[in-house]
Amino acid sequence: MDFRPLHDRVLVRRVESEEKTSGGLIIPETAKEKPQEGEVVSVGEGNRDDSGNRVALDVKAGDRILFGKWSGTEVKLDGQDLLIMKESDIMGVLA
């Protein structure tokens, strides 16, 4: 994929949620909520501070993250549904 986010933007691929409940019930497509977990595909170089120095992002490609329900902008790149969001929209990195 030939896409590089700018500044403090992050490109994220949503992690698909389970199609069954723990009790074995199948969840129909219309009842599913969009997952709030994703994998970082690529990151920008970061913003600049007041003195002009680059401030690197805390996340990197491959990190599994949690983000807000309405975070980011949905885009389609190379046939994949992805999200572009600011680093500040990310709530945390999963270990």
Side-chain angles (χ1 to χ4, degrees):
M1 176 178 318
D2 294 327
F3 180 82
R4 182 178 54 89
L6 297 176
H7 308 296
D8 66 338
R9 301 284 197 292
V10 179
L11 185 64
V12 176
R13 178 184 305 112
R14 285 186 195 269
V15 175
E16 293 302 318
S17 59
E18 294 292 321
E19 296 189 10
K20 288 185 179 180
T21 64
S22 58
L25 297 174
I26 297 174
I27 303 170
E29 195 67 34
T30 55
K32 285 185 190 176
E33 288 192 22
K34 290 185 179 179
Q36 294 174 279
E37 184 178 332
E39 178 183 355
V40 176
V41 176
S42 68
V43 298
E45 295 178 351
N47 281 330
R48 295 196 180 271
D49 61 13
D50 293 336
S51 60
N53 297 321
R54 184 76 64 183
V55 178
L57 277 63
D58 289 330
V59 295
K60 61 187 178 312
D63 284 349
R64 288 181 66 98
I65 59 167
L66 293 177
F67 50 87
K69 194 174 209 173
W70 308 109
S71 297
T73 301
E74 294 180 355
V75 296
K76 191 166 203 138
L77 296 171
D78 293 340
Q80 297 182 51
D81 291 325
L82 302 168
L83 288 169
I84 299 174
M85 65 180 67
K86 287 186 168 242
E87 184 186 32
S88 60
D89 291 338
I90 297 173
M91 293 188 279
V93 178
L94 296 169

Decide yes or no on side-chain contact (heavy atoms from CB on, under 4.5 Å) for Glu37 and Ile65, but give the supporting numbers first.
CA-CA 6 Å; Glu37 184 178 332; Ile65 59 167; over 6 Å; no
Do Val59 and Val43 touch side chain to side chain, with heavy atoms closer than 4.5 Å?
yes
Which Ile, Leu, Val, Met, Phe, Trp or Tyr residues join Leu94 in one cluster when any pair of side-chain heavy atoms under 4.5 Å counts as a link?
Leu66
4.5 Å side-chain heavy-atom contact, Leu77 and Leu11:
yes
Any pair counted as side chain to side chain donor-acceptor pair (under 3.5 Å), so long as it reaches residues 84-95, sequence neighbours left out
none
Show your reasoning for whether side-chain contact (heavy atoms from CB on, under 4.5 Å) applies to Arg4 and Glu45.
CA-CA 9 Å; Arg4 182 178 54 89; Glu45 295 178 351; 3.8 Å; yes
What are the two closest non-hydrogen atoms of Asp63 and Asp58, and how far apart are they?
OD2-O, 4.4 Å
Could you go step by step and tell me if Phe3 and Ile84 meet the side-chain contact (heavy atoms from CB on, under 4.5 Å) rule?
CA-CA 11 Å; Phe3 180 82; Ile84 299 174; 3.6 Å; yes
Measuring from atom CG of Asn47 to atom CG of Leu6, what distance do you get when rounded to the nearest 0.5 angstrom?
10.5 Å
What are the two closest heavy atoms between Gly46 and Leu57, and how far apart are they?
CA-CD1, 3.1 Å
From Met85 CE over to Glu74 CD, what is the distance, rounded to the nearest 0.5 angstrom?
9.5 Å
Carefully, step by step, assess Leu83 and Thr73 under the rule side-chain contact (heavy atoms from CB on, under 4.5 Å).
CA-CA 5 Å; Leu83 288 169; Thr73 301; over 6 Å; no
For Val15 and Gly38 the tightest heavy-atom approach is CG2-CA, 3.7 Å
Taking only residues two or more places apart in sequence or in another chain, which ones pass salt bridge (charged side-chain N to carboxylate O under 4.0 Å, His left out) with Glu39?
Arg13
Starting at NZ of Lys69, measure out to CD of Gln36 and round the result to the nearest 0.5 Å.
6.0 Å
